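Structure first, commentary second.
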Number of protein chains: 2
Amino acid sequence: MKISTKGRYALRVMLDIAQNSNGEFISLRDISQRQEVSMKYLEMIIGILNRGNFVQSQRGKDGGYRLAKSPADYTVLSILTLTEGDLAPISCLEDLAPECPRATDCLTLPFWQGLNKTLKNYMGSVTLEDILNKKTIEV
Amino acid sequence: MKISTKGRYALRVMLDIAQNSNGEFISLRDISQRQEVSMKYLEMIIGILNRGNFVQSQRGKDGGYRLAKSPADYTVLSILTLTEGDLAPISCLEDLAPECPRATDCLTLPFWQGLNKTLKNYMGSVTLEDILNKKTIEV
DNA sequence: TATTTTCATATTGGTAATATAGGAATTGTG
DNA sequence: CACAATTCCTATATTACCAATATGAAAATA
């Protein structure tokens, strides 16, 4: 029941760009130094963010990355879903899962559905902007 | 971000015993047949429940397992914590984790703490009895 | 003693996560 | 143009964990 390193780093990368750019491109080198994560590993992660159009990139000298939208437009849910895949806590709740033959009699299904909803409600309610502003999260 | 098979089966085993016993011992063989999970695998899982005193066991003929307490006294959180270990969504939130050197400056920490609390609130609020009674879970 | 059952540990096979390596393509600058 | 800085792409090594089985001992009862 863990969020992977990939997802955690992706969130940090998005926040780093949000914090350190005003529209200019930020190089991975800078991000890597600030976040103390190897460039090579970050390349893989930001590649996902880039192909998902969460960031825009500029190659060559003075190139780098910037956010595609404003920080308020990214929920943590969207970032983690892109990098980790479906966050459903059990696989039979994933969007593309085949129907479980036990589903109609499954005593535990409602519990898992509730957990799934709880998770996604929470993660979907927090944006990058909230985190940058240290907006208090009421639970 | 998945609950493991071990944890899911442990929950089903606890529910199976709750549903099929009135204080007598229920054999793993019966549980295995109802749940369609191999006895060998269940042995490992119920061993954890037994060593954690969630169930009581009786060896030999007509032996088996029964709950140590009433279904209302087991939250899903307690069962999953026993079988899966700490359910914190990132390892630096685990009870025994060493303090992270980045903690004071970590922008994301409050978000993860909120997620952790949300998860545990939910799982701690549902008992075996609730599940057996198909009590509606409001989210 | 024979049968049924729990109990304990080791081992296997598979799959995913983490991280790095090496080099190709692109772009701005002197 | 040559060069340096940078993104981009694919492959691969390593480790760790998960799921499941294997093997056999120990206990209880009739």
Side-chain angles (χ1 to χ4, degrees), chain A residues 1-10 12-13 16-17 21 24-33 35-68 80 83-92 94, chain B residues 1-13 17 21 24-33 35-68 80 83-87 89-91 94:
Chain A
M1 193 61 181
K2 290 277 183 289
I3 298 288
S4 77
T5 315
K6 193 162 68 173
R8 284 184 290 115
Y9 284 179
R12 280 168 59 185
V13 165
D16 185 285
I17 298 175
S21 158
E24 333 83 82
F25 292 99
I26 305 291
S27 77
L28 253 198
R29 181 120 90 95
D30 292 349
I31 300 174
S32 158
Q33 284 171 355
Q35 300 297 323
E36 302 176 90
V37 177
S38 83
M39 271 192 64
K40 276 301 175 189
Y41 195 24
L42 287 187
E43 276 181 24
M44 190 207 62
I45 290 165
I46 206 158
I48 299 172
L49 295 169
N50 192 21
R51 285 187 291 277
N53 293 116
F54 280 44
V55 297
Q56 296 169 341
S57 65
Q58 169 72 48
R59 288 186 168 191
K61 199 162 192 325
D62 292 328
Y65 302 89
R66 66 182 177 201
L67 298 188
L80 294 180
T83 49
E84 304 247 309
D86 196 320
L87 292 171
I90 62 175
S91 47
C92 70
E94 284 173 3
Chain B
M1 192 62 181
K2 289 276 183 291
I3 297 287
S4 76
T5 314
K6 195 163 64 172
R8 285 184 289 113
Y9 284 0
L11 181 57
R12 281 169 58 185
V13 166
I17 297 174
S21 158
E24 335 80 86
F25 293 99
I26 305 290
S27 77
L28 252 197
R29 181 121 90 89
D30 292 349
I31 300 175
S32 159
Q33 284 170 358
Q35 299 298 324
E36 301 176 88
V37 177
S38 83
M39 269 193 67
K40 276 299 169 191
Y41 195 23
L42 288 187
E43 277 182 20
M44 190 207 61
I45 290 166
I46 207 158
I48 300 172
L49 295 169
N50 192 21
R51 284 187 292 275
N53 294 117
F54 279 45
V55 297
Q56 294 169 341
S57 65
Q58 170 71 49
R59 289 181 169 194
K61 195 155 194 329
D62 293 327
Y65 302 89
R66 66 183 177 198
L67 298 188
L80 294 180
T83 50
E84 304 247 309
D86 196 319
L87 292 171
I90 62 175
S91 46
E94 284 171 4

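Letters A, B, ... are given to chains in the order of the sequence lines, protein chains preceding strands, and every chain is numbered from 1. All values derive from a computational prediction rather than experimental measurement.
A donor-acceptor distance shorter than 3.5 angstrom exists from the side chain of A:Glu84 to the backbone of A:Ser4, with no hydrogens or angles considered.
To the nearest angstrom, C1' of D:dA4 lies 11 Å from CG of A:Asp62. Summarising the geometry, the separation between CD1 on B:Ile48 and C1' on D:dC18 is reported as 12 Å, rounded to the nearest angstrom. Taking atom CD of B:Gln58 as the reference point, atom C1' of D:dA26 lies 14 Å away to the nearest angstrom. A:Met44 places its CE atom 14 Å from the C1' atom of D:dA11, with the value rounded to the nearest Å. Rounded to an integer number of Å, the gap from NZ of A:Lys40 to P of D:dT12 is 15 Å. Note: OH (B:Tyr41) to C1' (D:dA22) measures 15 Å, nearest angstrom. Atom CD1 in A:Ile45 sits about 16 Å away from atom P in D:dC9, given to the nearest Å. Per the geometry, CE belonging to B:Met39 stands 14 Å off P belonging to D:dA22, to the nearest Å.
Close to D:dC17, at under 4.0 Å from its OP1 or OP2, lies no side-chain N or O of B:Ser4. An OP1 or OP2 oxygen of D:dA5 is reached within less than 4.0 angstrom by no side-chain nitrogen or oxygen of A:Ser27. Side-chain N/O atoms of A:Asn50 include one lying less than 4.0 angstrom from OP1 or OP2 on D:dC8.
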Side chain to side chain contact (heavy atoms under 4.5 Å, CB included) between B:Ser21 and B:Glu24, intermediate numbers included: CA-CA 6 Å; B:Ser21 158; B:Glu24 335 80 86; 3.8 Å; yes

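Residues A:Ile17 and A:Leu49 have side chains not in contact (no heavy-atom distance under 4.5 Å, counting atoms from C-beta outward).
Residue A:Glu43 has its side chain nearest to D:dT7 when only D:dA20, D:dT7, D:dG24 are considered.
Listed here is the closest heavy atom pair of A:Asn50 and A:Val55: OD1-O, 3.2 Å. Counting all heavy atoms, side chain and backbone alike, B:Lys2 lies closest to A:Ala88 at NZ-O, 2.7 Å. Scanning both residues, B:Ala10 and B:Thr83, for their nearest heavy atoms gives CB-CG2, 3.4 Å.
Interface limits on DNA chain C: the 5'-most and 3'-most nucleotides within less than 4.0 Å of chain B heavy atoms are C:dT4 to C:dA8.
Contacts of A:Ile46 with the nucleic acid, taken as non-hydrogen atoms under 4.0 Å apart, are absent. Nucleic acid contact for B:Arg8: none, since no nucleic acid atom lies under 4.0 Å from a heavy atom of the residue.
Heavy-atom distances to DNA chain C give each of A:Arg59 and B:Gly47 a nearest nucleotide, and the one nearer the 5′ end belongs to B:Gly47. Checking A:Leu28 against A:Met1, the closest nucleotide of DNA chain D that is more toward the 5' end is the one next to A:Leu28.
The salt bridge (charged side-chain N to carboxylate O under 4.0 Å, His left out) contacts involving residues 43-64 of chain A comprise A:Lys40-A:Glu43, where partners must be two or more places apart or lie in separate chains.
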